[in-house]
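I have placed the structure first, in the form of structure tokens, so that the comments after it can refer back to it.
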Amino acid sequence: MKLTIQVNEGPYQHQSADSAYFFTKAALEKGHKIYRVFFYHDGVNNGTRLTTPPQDDRNIVNRWSELAKEHDLDMVVCVAAAQRRGIVDDGEAQRNGKDATNIADGFRISGLGQLVEGAIQSDRLVVFGD
Amino acid sequence: MKLTIQVNEGPYQHQSADSAYFFTKAALEKGHKIYRVFFYHDGVNNGTRLTTPPQDDRNIVNRWSELAKEHDLDMVVCVAAAQRRGIVDDGEAQRNGKDATNIADGFRISGLGQLVEGAIQSDRLVVFGD
Amino acid sequence: MAMLHLVNKSPYDASSLETASSIMKGDDAMLLIEDGVYAAVRNGKAAASLEGLKVSVLGPDLAARGIGEDKLIDGVTVVDYAGFVDMVEANDKVQSWL
Amino acid sequence: MAMLHLVNKSPYDASSLETASSIMKGDDAMLLIEDGVYAAVRNGKAAASLEGLKVSVLGPDLAARGIGEDKLIDGVTVVDYAGFVDMVEANDKVQSWL
Amino acid sequence: MSEIKKFMYVNRKAPYGTIYAWEALEVILIGAAFEQDVSLAFMDDGVYQLTKGQDTTGIGMKNFSPTYSALGDYEITKIYVDKESLEERGLSLDDLQHLVWEDEDEDWAEKDSIRLVSRTELADVLAEQDVLFNF
Amino acid sequence: MSEIKKFMYVNRKAPYGTIYAWEALEVILIGAAFEQDVSLAFMDDGVYQLTKGQDTTGIGMKNFSPTYSALGDYEITKIYVDKESLEERGLSLDDLQHLVWEDEDEDWAEKDSIRLVSRTELADVLAEQDVLFNF
């Protein structure tokens, strides 16, 4: 089946960010197609490359980046949610006059339409949040 | 009285980040002393300068920065929580090999001891969170 | 050693109001803020948990949610942020039931 | 048109389990994940809400919380993440009771 | 894939305490452009989103409640409100905004958008959907 | 300001579902260096933090439950557990870790750290404190 995954919470604060990752990974391992992973609400914070978790802890952001690379995942960070919370790529930095970017490898910033379109194109929408 | 304020949630997702601001402002207006504002858990995300909220919405980060400037507030972002969530100043960037910083004016990154010391030195600890 | 109990969650979604009521003692005060204000609506099921307790509600949070003060149970005081600060001062310590 | 109900909150802190049970119909399935797994502990008060429902629990979340499978109410199935994916496939749609 | 899907937005959170209600509305408004068969459900604390007379000046947030009355213009005309959630909270339909839409097929007659349903009826409505958006 | 304060950490959240339990422990451990009069309370879902046999390999998170048994070494010896919270959840003391501390004044005799209290007794303990940390 074809899936769109929605992630509503940022890394470390709620387990839902972890659950989304393990579910996505398991779906891929079973041969399902991930049409898109959409990061909404605080979920956009999964897309920052500036985290430095403790040595003995998992690296949530890198885990997503690696999974995306391996499986050519489309990982979309909602632009409206990202602007509120400070997730920035080159284009956003330029548009909003920011002097730095923080987006991680494999994530792209785009509109909410990508979530709706994902829900239309996929067989299932699965939401992880709090 | 002397107060330490703890902020547990990031901007926009939970009202507690707003409540903490309005409470702090009201306390200052009544002539109380704010010994420290301590940002913990997702609260550290209040300290990013990369947010661009919609024109018709409040700017939570700037509001804190301005209040801090006006009243010489000590606004501390917990270093352990900040590392997990990607809030970075120059020192942290250097230490952790990050190629960008995102900390906003008026915030400084320091240890959890600052929260405990704040609780010892203050007459009241007031926690805003979820 | 009176204590201020801060409740910021809807009593219909979270257990914090119930816990706060079970811990409150004689001189303690409760302040409902954010989604916690819904507890004080007169005809709501949760109102019963407030019986016999000294309860205040944060006015700005009430107004934002479209709840008129005439809808509140009797005996509840409405305060603004300055009143919130006064309550923190009037009690020896604060427990936020997060 | 069977539906998968995902519950990820403790039934002792949040209302989502209760709501999910009230919406569940004949063929629907419920999967307890994260703090939702506590609902399936045999002697807990919340276990009653699961009576008569088709309920599964995510094993990794159960183990993390130190709850042995012998502590669960009868009839509950323990699945891993692969089983979670199968449940999503076996039902027509998913409702996450956030 | 060009078939029309039955989209249901399930709203269960109070406004302002968290951003979910507002960010749900943002999805709903953008989703309207995709011309699916859209319904909204308000249950549990979600019913609070529709209260009349919201005034956010004291908390410095944008009052987004007027947006609900614009939903009719986006051809969102099926708004289910859970009766039991209202009653438990001491509210009635009178406490909610009066949401309407204009029926093109009946000379733009104004019709009620809100459908007050029991929990059982709501379960039936949810069962009929293709996709559930959860807030 | 060098007087010793009565510090109480109130733990009300389950572990792993959110980070609060773990980040609370981080404060508790660092706070121990400040030599205040420290107590911990576990109530509501907080009692789940102390369960035996936690195994987080399947969720990729660090298992922080062994840290609780180190609290005695930090001279944290007063750990209040709310009896009603345990019972409601179908748990008993047997399901929790056995936490102990060694009493220097009694030739390092091993003593129980956990004090099982009723809700009323817990209210009394909270009332005696100077500062409450809320998690």
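Lettering follows sequence order; numbering is per chain, from 1.
- In this structure, E/Arg12 is not positioned above the aromatic face of E/Phe135 in the sense of NZ or CZ being under 6.0 Å from the six-membered ring centre and within 45° of the axis.
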Worked verdict on E/Tyr48 versus E/Phe42 for ring-ring contact (aromatic ring centres under 6.0 Å, His included): CA-CA 8 Å; E/Tyr48 289 131; E/Phe42 291 88; over 10 Å; no
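- Using a 4.5 Å heavy-atom cutoff, the side chains of E/Tyr68 and E/Leu25 are in contact.
- Proximity to chain E is limited to the side chain of C/Lys71, based on heavy atoms less than 4.5 angstrom apart.
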Audit row: C/Leu17, C/Leu50, side chain to side chain contact (heavy atoms under 4.5 Å, CB included) steps and yes/no: CA-CA 9 Å; C/Leu17 176 74; C/Leu50 302 180; 3.7 Å; yes
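- Comparing E/Thr51, E/Ile59, E/Thr18 by heavy-atom pairs within less than 4.5 Å of chain C, the highest count is held by E/Ile59.
- Ring geometry for E/Tyr16 against E/Phe64 counts as tilted: the plane angle lies between 30° and 60°, on a 0 to 90° scale.
- For E/Asp55, the parts lying near chain C are the backbone and the side chain together; criterion is any non-hydrogen pair under 4.5 Å.
- A side-chain donor-acceptor contact under 3.5 Å links E/Gln36 to the backbone of E/Lys5.
- With chain E as partner, the option from C/Asn8, C/Ile67, C/Asn43 having the largest number of non-hydrogen pairs under 4.5 angstrom is C/Asn43.
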Trace of the salt bridge (Lys or Arg N to Asp or Glu O under 4.0 Å) decision for C/Asp35 with C/Lys9: CA-CA 5 Å; C/Asp35 290 345; C/Lys9 298 234 182 68; over 6 Å; no
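- With a 4.5 angstrom heavy-atom cutoff, E/Thr56 touches chain C via backbone and side-chain atoms both.
- The interface of residues 94-124 of chain E with chain C, defined by heavy-atom distances below 4.5 Å, comprises E/Asp95.
- Both the backbone and the side chain of C/Arg65 come within contact range of chain E, with heavy atoms under 4.5 Å apart.
- Within the 4.5 Å cutoff, the side chain of E/Tyr9 has no heavy atoms near those of the E/Leu132 side chain.
- Side-chain contact annotation: C/Ser10 with C/Asp13, donor-acceptor N/O pair under 3.5 Å absent.
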